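Each ligand, and each atom within it, is numbered from 1 in the order the structure gives. For reference, positions follow the sequence shown, starting with 1. It should be emphasised that the depicted structure is a prediction, and the values quoted were computed from it without experimental measurement.
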Amino acid sequence: MEGIKPRSCSLEPRKTALIIVDMQKDFVYPDGKLYVPGSEKIIPPIRMLLDRARANRVKVVYTQDWHPENSPEFKIWPEHCVMGSRGAEIVDELKPQPGELIIRKETYDAFYRTELEERLREANVENVIVTGVVANICVLHTAGSAALRGLKIVLPVDCTVALNEFDYRLTLRQVSFLYKGIITRSDLLSFKKQSH
Ligand code: VGL
């Protein structure tokens, strides 16, 4: 099967948010409780986008998987991201700055029972760049949920990772075909110059 070719994409900073999904120690660090192999490789491209987003005053949003000790999800997955634990912390390399939005969530979808939609609306956000882990799980559910709310979704292929190739490709397919999102790459993504 032919892969989906990333294309260049230029976005209006004032109408855009960068969403960093679940880049938490339990998923990203090899000693984490639900380590996603290869997730450390997406840190540098996300870091690059994060620096450029901050420099261009693009809204930055982190999501944080945040479970009580008896979470129903622990019937499916080993215990991970228990609220307040070290594993639930965002990785040091992508540490949030004071004032940046952190959305704590108990499901795969960062819009479900959170303030995310309201926060994006009040900031006049129209485009969301979705990055992080796991591609076909929290990234896809959050991206799909954003698309169903009328937001344009942008997925840089080097800023997400899945547990296998099938799941990774499925994510790109769903984003491009089902949700009419843009498949791009961190080095092909730019922010438009602001006119004052
Ligand atoms: C996730 C599996 C279980 C994710 C969260 O962040 O994609 N995956 N919980």
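Ring geometry for H80 against F74 counts as perpendicular: the plane angle is over 60°, on a 0 to 90° scale with 30° as the lower cut.
Sorted by first and then second residue, the salt bridge (Lys or Arg N to Asp or Glu O under 4.0 Å) pairs involving residues 62-80 (not counting sequence neighbours) are D65-K105. Applying the ring-ring contact (aromatic ring centres under 6.0 Å, His included) definition to pairs two or more places apart or across chains, none involves residues 172-194.
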* Dump the intermediate steps for side chain to side chain contact (heavy atoms under 4.5 Å, CB included) on I103 and Y62, then the final yes or no. => CA-CA 6 Å; I103 296 289; Y62 289 84; over 6 Å; no

Give the table of side-chain donor-acceptor pairs shorter than 3.5 Å for residues 129-141, with sequence neighbours excluded, one pair per line with atom names and distance.
from : atom 1 : to   : atom 2 : distance (Å)
T131 : OG1    : I19  : O      : 2.9
H141 : ND1    : I137 : O      : 2.9

Could you check ligand 1 for N or O atoms lying under 3.5 Å from protein N or O atoms and list the pairs with distances?
from     : atom 1 : to   : atom 2 : distance (Å)
ligand 1 : 6 (O)  : D22  : OD2    : 2.6
ligand 1 : 6 (O)  : V133 : O      : 3.3
ligand 1 : 7 (O)  : V134 : N      : 2.8
ligand 1 : 7 (O)  : C138 : N      : 3.0
ligand 1 : 9 (N)  : D65  : OD2    : 3.4
ligand 1 : 9 (N)  : E73  : OE1    : 3.0
ligand 1 : 9 (N)  : H80  : NE2    : 3.1

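When only modelled atom types and interatomic distance are considered, D109 and S145 share a side-chain donor-acceptor pair under 3.5 Å.
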